[in-house]
Amino acid sequence: MRAERIAARGFRNLVDFDLTLPPAGAVFLGPNGHGKTNLLELLYYPVLFRSLRGAMDSEVTRFGDSGFQLELVVRTPDSRCVVGTTFIALGKRKQITVDGVPPERRIDAVGQWLAVAFLPTDLALVQGPATGRRQYLDRVLSLSSPTYLRTLARYRLALAQRNAALRRGEFRVATAFDGPLATHGAGLVRQRYEWVTRARGWFADECERIGEPNTSAADLTYRGKEELIDPERWPLILAECAGGDQQRRATSVGPHRDDLVLSLGGRSLREFGSTGQQRSAALALKLCELRALGERQTAPALLLDDAFAELDRGRQERFARRLHESGPRQIFVTTPRLDELPRPLELPIWSVRDGTITQAGEGVPS
Amino acid sequence: MVGAIDELITELARLPGIGRKTAQRLTFHLLQQPSDQVSRLAAALTGVVERVRPCGECGNLSEVEQCGICSDPTRDGALLCIVEEPSTVSVVEKATSFRGRYLVLGGRLSPIDGIGPEQLRMGLLRRRIEAGGLREVILATNPSLEGEATSTYIQQLLAGKGIRVTRLARGLPVGGDLEYVDGVTLSHALQARQEVS
């Protein structure tokens with residue numbers, strides 16, 4: 001899978017453009033604050049039709065503009081499709097199209113374009129709170145399975161309604177949402193457990209390849225109530241939590257409270273890992289995402305935002321080798337300095353200055 | 001643009017399914033019509049606002065205190081169909097041979113939008129329960145998450161009152177093609193399959 005052409009208007013600080021993209025990808029080179037990450041954000045936008053940095057569409061719109069528009073031509077070995085988004089800030093209206101036609105549901109457009117983004121903030125996946133790891137799981141599973149994305153949307157709605165009723169002190173109304181909460185919640189928990197069971201081996205393997213040699217085995221486990229896989233068990237568990245839920249005015253049990261536990265040699269990486277080990281684990285998680293998405297589609301593209309800057313020389317080389325070994329795929333990399341890039345990642349160089357993108361020169365294809 | 005024209009465009013654009021462009025087209029269309037035709041439309045709008053009220057017994061739209069269905073002695077008062085909106089009453093009336101009475105909730109539970117039982121016509125429902133004589137309550141709320149939760153809430157209210165509670169079946173549209181049915185509907189239909197022999 002590769003992006004063949006991209007066009008955008010009104011997106012962040014980027015000057016409106018319509019460009020044909022190199023099949024191998026490109027290095028976006030330019031000083032910090034000139035729009036490199038915005039360009040990666042744009043390339044990732046049609047993956048889930050939202051900002052990879054969690055920004056609202058109105059924030060993504062160029063300051064003073066009435067909205068933004070983007071179009072991406074996606075090519076796979078046997079198909080070609082055009083995904084587009086038009087956002088109008090007035091009334092916050094967003095229209096997504098696939099080959100010019102709005103899909104019945106937004107969910108139907110997800111999966112046409114797949115990419116995995118490596119960001120400097122990924123370290124928070126290991127160091128940070130559980131929210132980031134749950135978002136990671138939800139993203140990977142949503143992109144791997146359309147049923148997961150639908151179930152997640154329904155679960156979130158049921159949870160939001162239940163919590164709103166609890167905040168209003170209407171416990172009886174809150175329990176009216178227990179049925180959908182259980183049905184969809186059980187679906188999420190089951191798919192998460194199944195995925196973690198499969199991804200454990202991948203995670204250990206990736207940590208071994210990227211981390212320092214001769215370190216202990218890494219592991220990935222799911223922390224949650226396993227009985228919640230069965231929707232029949234939910235009424236009893238929700239009833240047990242009823243008192244606390246009423247007091248806290250929020251639902252205290254369910255997949256929205258679960259976590260992904262990363263460990264090395266049996267010890268929590270979050271609490272006991274060195275920063276280097278944590279960086280390796282964060283990269284390993286993203287490589288697991290790459291493997292998971294690769295199972296469903298042709299190789300997803302890679303978006304690397306200054307991903308090598310914080311790594312020591314050894315990790316840089318092992319990571320670059322690993323990406324190279326993961327097979328041919330389109331790669332877009334941002335960097336302020338070319339000497340920060342390891343050798344196997346040499347790609348055509350595009351310059352990004354003051355939001356203007358220009359082809360700066362040709363490198364050796366990866 | 002002239003103030004009055006802009007005002008009409010803004011008001012029309014508030015209607016469901018009408019964007020600003022359509023509102024503009026409608027406004028200019030109206031301006032090209034004979035004035036008596038436009039006056040009839042204005043009078044009809046005023047008439048609806050002035051004369052139509054919710055029925056005091058069921059919440060359905062009516063021009064009198066008690067709507068035609070509630071005042072019809074031939075209808076079965078022991079059979080109550082609960083719906084979210086008045087538009088559902090006319091759909092059920094046109095499409096089925098239902099001869100019971102209705103209760104129009106005026107919406108569905110949605111705490112995130114600030115809609116709890118107090119914002120719906122649960123008071124009318126309690127009155128109907130207390131008055132006695134109900135044999136069956138049919139829950140005909142929409143098959144959305146909020147509609148289902150509203151039904152569950154009413155089901156809880158009716159529990160232990162000796163009233164039969166039923167809800168509309170979920171399944172396949174008549175004349176449809178299985179190929180085009182969404183997965184959730186098909187899974188409901190499979191669960192609620194019926195014995196044929």
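Letters A, B, ... mirror the listed sequences (proteins, then strands); counts begin at 1. Just so you know, these numbers use all the heavy atoms, side chains as well, and skip hydrogens, waters and symmetry mates.
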Side chain, backbone, both or neither: which part of A:R154 has a heavy atom under 4.5 Å from chain B?
both
Does any backbone or side-chain atom of B:E146 lie under 4.5 Å from a heavy atom of chain A? Answer side chain, backbone, both or neither.
both
Identify which of A:D178, A:T175, A:L157 forms the greatest number of heavy-atom pairs closer than 4.5 Å to chain B.
A:L157
Chain B contact via A:Q161 - side chain, backbone, both or neither, heavy atoms under 4.5 Å:
both
Examine the side chains of A:Y45 and A:D57 and answer whether a donor and an acceptor come within less than 3.5 Å of each other.
yes
Please classify the contact between B:I154 and chain A as side chain, backbone, both or neither, with a heavy-atom cut-off of under 4.5 Å.
neither
Chain B contact via A:R172 - which portion, at a heavy-atom distance below 4.5 Å
both
Atom SG in B:C67, atom CZ in B:R101: separation rounded to 0.5 Å?
8.5 Å
To the nearest 0.5 Å, what is the distance between OG1 (A:T183) and OH (A:Y155)?
11.5 Å
Give the ring-plane orientation class for A:Y222 versus A:Y193, where under 30° counts as parallel, over 60° as perpendicular and anything between as tilted.
perpendicular
Side chains of B:R99 and B:T74: do they bring a donor and an acceptor to under 3.5 Å?
yes
